[in-house]
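Quick notes on the structure that follows.
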Amino acid sequence: MSDHEYTPKSKFGKWFNDRLPLLSLASHLTDYPTPKNLNYWWTFGGILTFCLITQIVTGLTLAMHYIAHADMAFESVEHIMRDVNYGWLIRYIHANGASMFFLAVYIHIFRSLFYGSYKSPREIIWILGIIIYLLMMAAAFMGYVLPWGQMSFWGATVITNLFSAIPLVGEGIVNWLWGGYSVDNPTLTRFFTLHYLIPFLILGLVVLHIWALHVPGNNNPVGIDIKKPSKDTVPFHPYIVIKDGFALLMFMIVFAFFVFYTPNILGHADNYIEANPLVTPAHIVPEWYLLPFYAILRSVPDKLLGVIAMLSAILILAALPWLDTSKIRSAVFRPLYKQFYWILVADVLILGYVGAMPAEGLYLLIARVATGYYFIHFLVVLPILGFKEKTMPLPLSITEPVLGGSPMASAVKKKESLN
Amino acid sequence: MNNIFKIIYLIIFIITGTIQVNSAEKIDYLKTDWSFKSLFGKFDRASLQRGYQVYKEVCASCHSMKYVSFRNLSEPGGPEFTEEQVKAIAASYEVNDGPNSEGEMFLRPAKLSDKFVMPYENVKAAQAANGGAYPPDMSVLAKARSGGVDYIYSLLLGYEDAPSDVKLDDGVYYNKFMYGNKIKMAEPITDDLIEYGDGTPATKEQMAKDVTTFLMWAAEPHLESRHKMGFKAILYLIILTVLVYFSMKKIWSRIESEV
């Protein structure tokens, strides 16, 4: 890192920077050498930062008008939608923002999987990312409970009941989570508190995530180590800033379309019915972004094992840097991995689909096969592939073709320009 | 650039997939053209006013609408009755207020700031008066049913004689769009049940359409300003995106690399 060379020009700047090197930090961030071949899949980091800040700002505004009480929560949401100035806009941004946040995070995660960004020396970035993802799911789940509609209430009941699967202490834990003997006002108020807290935890972890990224620098579509700074890199500002900005604007257009024209399409109609502990909805389904894990949970006949399977499905990702034994990062040079990668993508989409369907008959069978394959991919395919796969030769640098003018050189060039 | 289109296709794929899965139950609802559905969609003012009349004279005897205030009826984007009209409408209801300086509760005519008056004191009273079934509050009903306005419109027109193999208890009716086909609400609208103030023939279809339009407004009173603002916001974003795109091209042209 080149921060040390930075000296502010003004006297005051120097005086200040010696005491708190904020200007050095700013200089590091703007000069940060970034591989120049990053494609648009790399813009989702910036998009996710935007999503987080949007959620925090709209969330704070909503919290000024929302009342976390079982008798008043639903009404206060309607108050926001009707009487608060632009309350409908803020709430729709916040509600659709959650979906957009997950859409972006899934693209971000699958980009990592394709280009091997989780491999040495970036394991810590990856693990921090998994923790952020877990916290996101917790925040989204609790946020969905707050409007106190039917899906809020029954979703909360189903999910918290999962803890009762823990032997011996399960029941006690569930009662402790609820603050009583069913999901009720104490549950709502604590969920509100935690929903308020978690985004700031995420924010802190994002800072660590970016800090950890700035130590080895970005991975890139070719997946090779590059010298920094060199002619393979560009300074973060203005090159990456403008490119991220452009991608962010495209993303915002999609986002705006949802907020202004179909704000309720990603939600469930039942959540506009006030929570009623005496009436169970016909189908209790989580939000779309949790469906693959819901499918894994339901595909196991035993409750405890189902919960374990669901948790392992996420936690197994944290072990990914060691499960994937291949030294080659980018799937561009791993012909077999590339195929398995797309099978995994299809597998997760299938899990999401069956997660939304009733757990019976053919759907259940598909869910079981897809769940099995999910674990096989990480526990069997990836470790073996690293030893068996015949990878393609890597180029020496992003800009220079492979030494000796291998026929691959042109292929790499072509691939890059495609990306 | 290729890449960004791939990303957009992927996003569209995931989203449409989600929407398909969400609305997995395929039901052919009765179709009618809603003026508020398109990108520039607005409510049909006359239809909203007629819809309010249907709500007031038919639905309101059982269904509450507790999140809507009288003043909303004169606000832009709604039925847009004049303030005098709404004051008169409000004054025809009595609300319980108090306690006054003597500590007594008292009845007074409703004001613009009051919420719609509920037909029953509470849910239990509503159930007791309706054979155990609670007539749902109509404030957000149009958003609280999958199928939305199409579902409500179809339900209102979906009453039929029960097929011979379906046994109906007393006070239960057959409706082909109701979940399970059995409904405790008797057919609420029939031809010429009410007389429209503006002289529109009060056919069943007309009333169903008007009242459903009114329910959509009640559920989404800011729909018109949302559509208007959405158009401006997206137009602004598109112009900005184009400008940023060319700036990006210019900046990246300093180095030999594709963006």
Side-chain angles (χ1 to χ4, degrees), chain A residues 36-37 39-41 43-44 75 78-79 81-83 86 88-89 92 99 103 106-107 149 231 234 238-239 242-243 245-247 249-254 256-274 282 285 288 291 349 352-353 356-357 399 416-419, chain B residues 1-4 6-8 10-15 17-24 39 66-69 72 136-137 139-148 151 179 219-223 225-227 229-231 233-234 237-238 240-241 244-245 247-248 251-252 254-259:
Chain A
K36 66 187 204 183
N37 62 335
N39 56 39
Y40 282 99
W41 298 109
T43 58
F44 282 88
E75 189 182 347
E78 278 309 309
H79 165 69
M81 292 297 290
R82 289 160 196 276
D83 299 331
Y86 299 106
W88 58 268
L89 177 62
Y92 278 155
S99 281
L103 187 64
Y106 283 128
I107 295 176
K231 61 182 172 181
V234 289
Y239 294 95
I242 190 94
K243 193 173 173 179
F246 168 66
L249 283 165
M250 299 279 272
F251 185 79
M252 283 168 79
I253 292 173
V254 178
F257 183 82
F258 275 93
V259 168
F260 291 107
Y261 293 108
T262 56
N264 292 308
I265 204 151
L266 295 169
H268 199 290
D270 279 14
N271 226 28
Y272 277 106
I273 304 172
E274 193 169 0
V285 262
W288 69 270
L291 287 173
L349 290 175
Y353 175 76
M357 296 296 145
T399 36
E416 269 180 61
S417 61
L418 261 178
N419 288 327
Chain B
M1 256 333 255
N2 239 318
N3 195 263
I4 206 153
K6 274 193 234 163
I7 295 176
I8 290 170
L10 180 84
I11 289 178
I12 292 170
F13 174 75
I14 294 177
I15 286 168
T18 311
I19 293 164
Q20 288 293 321
V21 170
N22 268 3
S23 53
L39 293 192
K66 59 184 174 184
Y67 301 127
V68 180
S69 305
N72 296 139
D137 184 83
S139 312
V140 278
L141 196 67
K143 292 196 286 189
R145 296 290 180 274
S146 69
Y151 165 78
Y179 185 73
E220 199 65 29
H222 299 292
L223 180 139
S225 46
R226 173 155 63 76
H227 283 179
M229 191 193 286
F231 176 72
I234 289 174
L237 282 173
I238 289 173
L240 187 61
T241 308
V244 169
Y245 174 74
S247 314
M248 177 178 75
I251 287 171
W252 278 75
R254 294 179 203 161
I255 52 163
E256 266 180 75
S257 193
E258 288 239 4
V259 196

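Numbered from 1 within each chain, the chains take letters A, B, ... in sequence-line order. When reading the values below, keep in mind they use all heavy atoms of this one structure, side chains included, and skip hydrogens, waters and symmetry mates.
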Testing the basics here: between [X] and [Y], what is the closest heavy-atom pair and its distance to 0.1 Å?
X        : Y        : value
B:Leu237 : A:Ala256 : CD1-CB, 4.0 Å
B:Val244 : A:Gly245 : CG1-C, 4.4 Å
A:Ala269 : B:Ser146 : CB-N, 3.6 Å
A:Ala282 : B:Tyr179 : CB-OH, 3.8 Å

Using a 4.5 Å cut-off on heavy atoms from C-beta on, say whether the side chain of B:Val140 contacts that of A:Met81.
no
Considering only heavy atoms from C-beta outward, does the side chain of B:Ser247 approach that of A:Ile242 to under 4.5 Å?
yes
Rounded at 0.5 Å granularity, tell me how far [atom1] in [X] sits from [atom2] in [Y].
X        : Y        : atom1 : atom2 : result
B:His222 : A:Arg82  : NE2   : CZ    : 8.0 Å
B:Leu240 : A:Phe246 : CG    : CZ    : 11.0 Å
B:Ile238 : A:Ile253 : CD1   : CD1   : 5.0 Å
B:Thr241 : A:Met252 : OG1   : CE    : 8.5 Å
A:Leu103 : B:Leu10  : CG    : CG    : 7.5 Å
B:Lys66  : A:Glu78  : NZ    : CD    : 10.5 Å

Could you tell me which portion of B:Leu141 (side chain, backbone, both or neither) has an atom closer than 4.5 angstrom to a non-hydrogen atom of chain A?
neither
Under 4.5 Å to a heavy atom of chain A? For B:Ser139 that would be both
Is the ring pair A:Tyr239/B:Trp252 parallel, tilted or perpendicular, if the boundaries are 30 and 60 degrees?
perpendicular
Against chain B, label [X] side chain, backbone, both or neither, depending on which of its atoms sit under 4.5 Å from a heavy atom there.
X        : answer
A:Phe257 : both
A:Glu274 : side chain
A:Val259 : backbone

Within the distance-only criterion (no hydrogens, no angle test), does the side chain of A:Tyr261 pair as donor or acceptor with the backbone N or O of B:Arg226 below 3.5 angstrom?
no
